[in-house]
Amino acid sequence: MSIALQLLLMPLAAFLVGLAMVLMMRKVRASVERRIGPPWYQPLFDIYKLFAKDTQISHGVMHDVAIMMVLGGIICVVLFLPVPGMSGLSAKGDLITLLYLMMVPSLGMALGVGQTANPNGSIGIARALTAMAGYEIPFFICVAGAALHYGTTDLNQILTIQQHGGHLEHWGIVQMPLLAVAALFAVHAMLGKEPFEIYVAPAEIATGPMVEMSGKYLGTLFVMQCFQLFTVSVLYTTLFLGGGFSWFTLLLKAFAVVFISVLVTNVYPRYRTDDVLRWQWKWPTGIALLGLGMVMLQIGR
Amino acid sequence: MNAFDLLLYLALATLLPSLLAPKGRSGGMLTTLAYLLQVWLLFSLLPSVSQGGSVAACLEFAAFGHTIGWQLNGFGWFFALITAVSALIASAYATGGWERQCDHASRLHSLMALNVLAMYLLLGAADLISLFIGWELVSWAGFLLMAAPGGQSVQAALRYLIYALAGALALLTAIVLIEQSSGTIQLDALRGALASLPDGLSWVVLALVFVGFGVKLAMPPFHLWQAPAYGYADGPAAAFLGAISSRMGLFGLCLVLVQMVGLERLVGLALPFSFFDAQSLLAWAAAITLIVPTYIALTQNDARLLLAWHGIGQGGFMLLGLMLGNDLGTAGGLLHVLNHASYQAPLFLAVTAVVYRTGTADLDRLGGLIARMPWAYVTLLLGIIGLAGLPPMNGFVSKWLIYKGLLDAQMPLLFVAAVIGTLGTILSVYKLIHNIFLGQLRAEHREVTDAPWGMTGPMLLIAGFAFISGMLPGLGLYLVEPAAAALGLPMPSFDLSAIHAPNGALDMLVVVSALIGAIGFGALLFLNAGRSYRTQPLDNYAGGHFLTAQTRYQYSHHFYAGLLRVIGPWMRPWLVALEQGSGHFLDLASAASRGLYYHNGLRFLVFGTVVGLLWLLIVV
Amino acid sequence: MPDYPIYRDPPEQCRTPDAEERSLWGRTLERIADHCRARSLFVLHYCTGCGAIELPPSMTSRFDLERVGMQPMVTPRQADLLLITGYLSVKTLKRVILTYEQMQGPKYVMGFGSCTINGGMYWNSYATVKRLDQYLPVDMYIAGCMPRPEAIQQAFLQLMEKIDSGRAQNWKEYYRRYDHYLGEQQALFGEQFHTPTDVIGEARHYSLFGPETLGEHTAKLAKYDLYHPGQGAVDALEVKR
């Protein structure tokens, strides 16, 4: 497939899958609460409605540019994430590049929220960055362990190593079970779900970063959520679940990752900011460090 | 007379204009022009210093049976180039308008020129004595530049001087030890010469060198002096000092550790009863330098101090990369010196522009300036993206090289330490840009405008370079190559835009183009999706509350309350207490001895003799 | 009873539709948008009165409003539908007006219970607002004291049908007849009443200007210079409230 076509199809596929994931999240939440939940087209309708608002408020140039950065940054991330049949630009930037590119939309959002000049938003961003300091440390320990285990940071090579022979035994989760568990905790916090949902906290800080977002501004954040669900779950699948031979297996695994997260979410209230840090720095970090030790023993150093 | 001689003479001549024409702007303009010439001269030196070559100066003299001379090689050239460009930008900025608010502009210019000259003398040292001469000159010139504004900066500069003197004594001892054990002081002859020293002596030399040069790098536990000394200096001077000055310590440390001792020997030097060898110990010292000052920066309320603390932390990054000894780590460590200078200078200059217009750098007394000072905002934004090490800026490239180098060297814990430092940087730089430029505009800053173009131009120029060299990292790596060659360290294969590695490559041109293309697509979607109305900041959700200019509708103080509740207990300033305590103890001891002396001279004499004899007894 | 000029129906206006509205593409997009709007109402509850208690059963598993795409939102910027659940005092009405102006169009207002229609059991109170639609354009009232969840849902479905067919355009009246609404607000709160939202500027920006957007009441706003953000706006807001 030509690279130009891939660059078009990869974000499109990511968006559609992300929409389905959002739908699944809402459906699962409804089931847990013994409701019926929204119809299948609901995520799409929400986004279309938001983009079709007649009036919307901008708080300045940076507020506008931030929305472009959010959308552009998150699309750019997807281009570096190989999926079955399409490797996109993943040969030109490795795992570390991908992880740092994932921070660009967050940075854009942080700047835009800053310009909306609402302290609820600023508190939200302060909390989001604090939560990031919480979950990125265990996640990067897992990434370091995985990179050492595979001996590479090239995502295509990581996939090839795991899919070698077509059996389970090369999967990251079999080879590095502790790291996979720790990374799952970190991924859960990365998706910003309860009990780590400190930066949205509608009842406390009025949805934090989203407080001044209307119309297409909010719509872009909805789109970002779709992409984020896709990126994070597919990245986890790539690192620990052997990626996918086909779209079917990939989506099965990616949906499973999100599903676990969503199931956990619905039975928890929200932690306090410092408790998020303490929890993330105690359990996932501890497990990840043990896992890292195991990887170091395996590679013989 | 070769180009290096010319450079030294020119650096000397750069002192003159501001001394001869202390009033008006002509002195500053001539100084800036002289720096431009210096940069040109340095570029003309490039062919002769690349491929491990060097250029000797005609300046030399004989002392103690040794020839003391100066000779510039690729490693020194790399640092000299950054020095000249930093001075050029800082001087252009000062001349472009900043000095209108300054009553000692000519002193600032001449002191900066003195610093540049001293740094050339250090970077071009051909032997240990000229190295020490350069080192002392750098310390003294740095002290004068730091103390130039007076007031609290003098206190900070004096504190630096005490640390620097301690460091210089350690360095002098190390030089004597090296000379005694190897019989030569010529740096070329000393290449790898220290590898054969016995373990005990090696540790002593390493410790002395670490103290000597580590003080300048402000590596913990010697980190307390740097932030106030740099932060409270004049704005352009702070940019110059922050960009390059403390890198002199890195230069010296690499000279001894990499060139004289050699990294293989460091790996072989095992610390008894532990898993550490000298190399990993130094790498961990670098990691601590990276983490501790970064999280101290997070708690700062003064924008200049915040940046200065980050400068220390980034120094740890460079040393970390250089201690790895593999190709990616070397390239990353050296490239980070250049990249750090190229974003730290605009950061300091942008903050100085804010101080120039508002009169304060207090992060609790600013806010919303983006609407009033957009160009300062753009500069600061480019700078913080570089400092945080995110794409598309050049800071990302050098950090990527270091991360990759750490993973290639199979040091995952150091990798995690580097990530922890980066996370702290991201948190703290967001606080910086948020508290100055975002949020509600304060009523007293309603009439503020951007700094004059003479100031905005230079800072935008250097921030633009930070972006371009992020897109085309080959530009920087091309300059790094002679330095790595002079040190005898390997370099990865690279071209203008990409760094090649068999297990994960990076092509920044593709990354940046993809990012810009995707953002362009986002812009297309955004601009076609219905119009928006730009409202004023007080039209804002406040739970139904009517906002007025009296409402302090801003969240800036104690920005990361949740985080500090967790890490706060680890950040008690016990080292500050120790420093103050030892200061007070010395005060007390000197007062006591003085009292004894004046009170009863004979008893003092007896006491002194007894102590002296005891000391001799123990030593002999 | 005070002698308020009572607003009944918006006058029929003949407006020439612009080119975009006439084009088939534009009309198709607008039709889809209307359908989406009807099926994706983000709700802001203004829970001043007892009516709020009827919302949890409507939202939760008994009736589950998410089935028709309704979600609670917490700030006016994000919301489409403002629910005024019960009586309004003079003090809370100020906040309701501010909240309404901070919502982004198309936006809809629904009055819960008889209190919003005629003051209900608070008819004799000096501090209670009798008729909500004097101050804001209201799209739908639900009678009752209190309306049951079934009635609430009936109203939601009717509102959705109205939105879907493109008839829920009351929010534009606020821009077109801003002078009228501001006059009512000033009659109640005093002549110095104004909000930080630039309604006139927005009307001009989005071509929602009508013959009654400006008038004798909006002329009183001139002294606050609210509509030139950055110049006098901040000073204007320094008025003690």
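Below, chains carry the letters A, B, ... as their sequence lines are ordered, and counting in each starts from 1.
In this structure, chain B has heavy atoms under 4.5 Å from both the backbone and the side chain of Val61(A). Only the backbone of Ala91(A) comes within less than 4.5 Å of a heavy atom in chain B; its side chain stays farther off. The parts of Val511(B) that come within reach of chain A are both its backbone and its side chain, each placing non-hydrogen atoms under 4.5 angstrom from that chain. For a residue to count as touching a neighbouring chain, one of its non-hydrogen atoms must lie under 4.5 Å from one of that chain's; by this rule Thr422(B) touches chain A with the side chain only. Proximity to chain A involves both the backbone and the side chain of Ala529(B), based on heavy atoms less than 4.5 angstrom apart. Only the side chain of Leu381(B) has a heavy atom closer than 4.5 Å to any heavy atom of chain A. Within the 4.5 angstrom heavy-atom criterion, only side-chain atoms of Phe521(B), from C-beta onward, approach chain A. Residue Ile516(B) does not touch chain A at all, counting heavy-atom pairs closer than 4.5 Å. For chain A, the nearby parts of Arg565(B) are the backbone and the side chain; heavy atoms of each come within less than 4.5 Å. Heavy atoms closer than 4.5 Å to chain A are found in the side chain of Tyr430(B), but not in its backbone. For chain B, the nearby part of Leu277(A) is the side chain; its heavy atoms alone come within less than 4.5 Å. Heavy atoms of Phe396(B) lying under 4.5 Å from chain A belong exclusively to its side chain. If you measure heavy-atom distances from Leu509(B) to chain A, you find no contacts under 4.5 Å at all. Using a 4.5 Å cut-off between heavy atoms, Phe415(B) contacts chain A through its side chain alone, with no backbone atom that close. Of the two parts of Ile370(B), only the side chain, counted from C-beta on, holds a non-hydrogen atom closer than 4.5 Å to a non-hydrogen atom of chain A. Both the backbone and the side chain of Gln440(B) have a heavy atom closer than 4.5 Å to some heavy atom of chain A. Tyr150(A) does not touch chain B: none of its heavy atoms, backbone or side chain, sits under 4.5 Å away.
When atom types are taken as modelled, the side chain of Gln157(A) and the backbone of Pro502(B) share a donor-acceptor pair closer than 3.5 angstrom. Checking side-chain atoms of Asn118(A) against main-chain N and O of Ala542(B) turns up no donor-acceptor pair under 3.5 Å. No donor-acceptor distance shorter than 3.5 angstrom exists from the side chain of Lys92(A) to the backbone of Met508(B), with no hydrogens or angles considered. Looking only at distances, a side-chain donor or acceptor of Asn540(B) sits under 3.5 Å from a matching main-chain atom of Thr116(A). Checking side-chain atoms of Glu136(A) against main-chain N and O of Leu423(B) turns up no donor-acceptor pair under 3.5 Å. Judged by distance alone, the side chain of Thr153(A) and the main-chain N or O of Asn503(B) form a donor-acceptor pair under 3.5 Å.
Note: Ala110(A) leads Gly93(A), Ala110(A), Ala147(A) in heavy-atom pairs under 4.5 Å with chain B. The candidate from Val104(A), Val70(A), Val223(A), Thr97(A) with the greatest count of non-hydrogen atom pairs under 4.5 Å with chain B is Thr97(A). Chain B forms more heavy-atom pairs under 4.5 Å with one residue of Leu155(A), Thr220(A), Leu111(A) than with any other, namely Leu111(A). Considering only heavy-atom pairs separated by less than 4.5 Å from chain A, the leading option among Ile433(B), Ile384(B), Ile426(B) is Ile426(B). In terms of heavy-atom pairs under 4.5 Å with chain B, the best-connected choice from Arg127(A), Gln115(A), Met132(A), Arg272(A) is Gln115(A). Here Ile141(A) is the residue among Ile141(A), Val77(A), Asp54(A) with the most heavy-atom pairs under 4.5 Å with chain B. With respect to chain A, the highest number of heavy-atom pairs below 4.5 Å among Ser532(B), Gly562(B), Pro537(B) belongs to Ser532(B). When each of Ile125(A), Asn120(A), Leu107(A) is checked for heavy-atom pairs under 4.5 Å with chain B, Ile125(A) comes out on top.
Annotation for Trp375(B): atom CH2 does not count as buried by contact number, only 12 or fewer foreign heavy atoms lying within 6.0 Å.
Residues Tyr555(B) and Ala126(A) approach most closely at CE2-CB, 4.1 Å, considering heavy atoms. In plain terms, the two heavy atoms of Ala518(B) and Gly72(A) that are nearest each other are CB-O, 3.1 Å. When all heavy atoms are compared, the tightest approach of Gln410(B) to Met296(A) is O-CE, 4.1 Å.
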Trace of the side chain to side chain contact (heavy atoms under 4.5 Å, CB included) decision for Ile420(B) with Phe140(A): CA-CA 9 Å; Ile420(B) 291 173; Phe140(A) 269 94; over 6 Å; no
Verdict with reasoning, Lys399(B) to Ile96(A), per side chain to side chain contact (heavy atoms under 4.5 Å, CB included): CA-CA 10 Å; Lys399(B) 286 193 180 181; Ile96(A) 303 172; over 6 Å; no
Candidate pair Phe526(B) and Leu71(A), rule side chain to side chain contact (heavy atoms under 4.5 Å, CB included), full reasoning: CA-CA 9 Å; Phe526(B) 176 83; Leu71(A) 204 54; 5.8 Å; no
Tell me, with the steps shown, if Val419(B) and Ile137(A) meet side chain to side chain contact (heavy atoms under 4.5 Å, CB included). CA-CA 7 Å; Val419(B) 169; Ile137(A) 290 175; 5.6 Å; no
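Inter-residue side-chain proximity for Glu212(A) and Tyr541(B) is flagged as met; some heavy-atom pair is nearer than 4.5 Å. By the 4.5 Å heavy-atom criterion applied to side chains, Tyr553(B) and Pro119(A) are counted as neighbours.
Separating the CE atom in Met102(A) from the CG atom in Leu390(B) is a distance of 12.5 Å, to the nearest 0.5 Å. Atom CE of residue Met69(A) and atom CG of residue Leu515(B) lie 7.5 Å apart, to the nearest 0.5 angstrom. Here the CZ atom belonging to Phe559(B) is positioned 8.5 Å from the OG1 atom belonging to Thr130(A), to the nearest 0.5 angstrom. Here CE of Met411(B) is found 11.5 Å from CG of Leu148(A). Values are rounded to the nearest 0.5 Å. Interatomic distance, CG of Leu525(B) versus CD1 of Ile75(A), reported as 7.5 Å (0.5 Å rounding). Within the model, atoms CD1 of Ile519(B) and CD1 of Ile67(A) stand 12.0 Å from one another, a figure rounded to the nearest 0.5 Å.
Side-chain atoms of Thr273(A) and Tyr560(B) form no donor-acceptor pair, as typed in the model, at a separation below 3.5 Å. Residues Ser122(A) and His434(B) have side chains that bring a donor and an acceptor to within less than 3.5 angstrom of each other.
Salt bridge Arg534(B)/Asp64(A): present, at least one basic N to carboxylate O contact under 4.0 Å.
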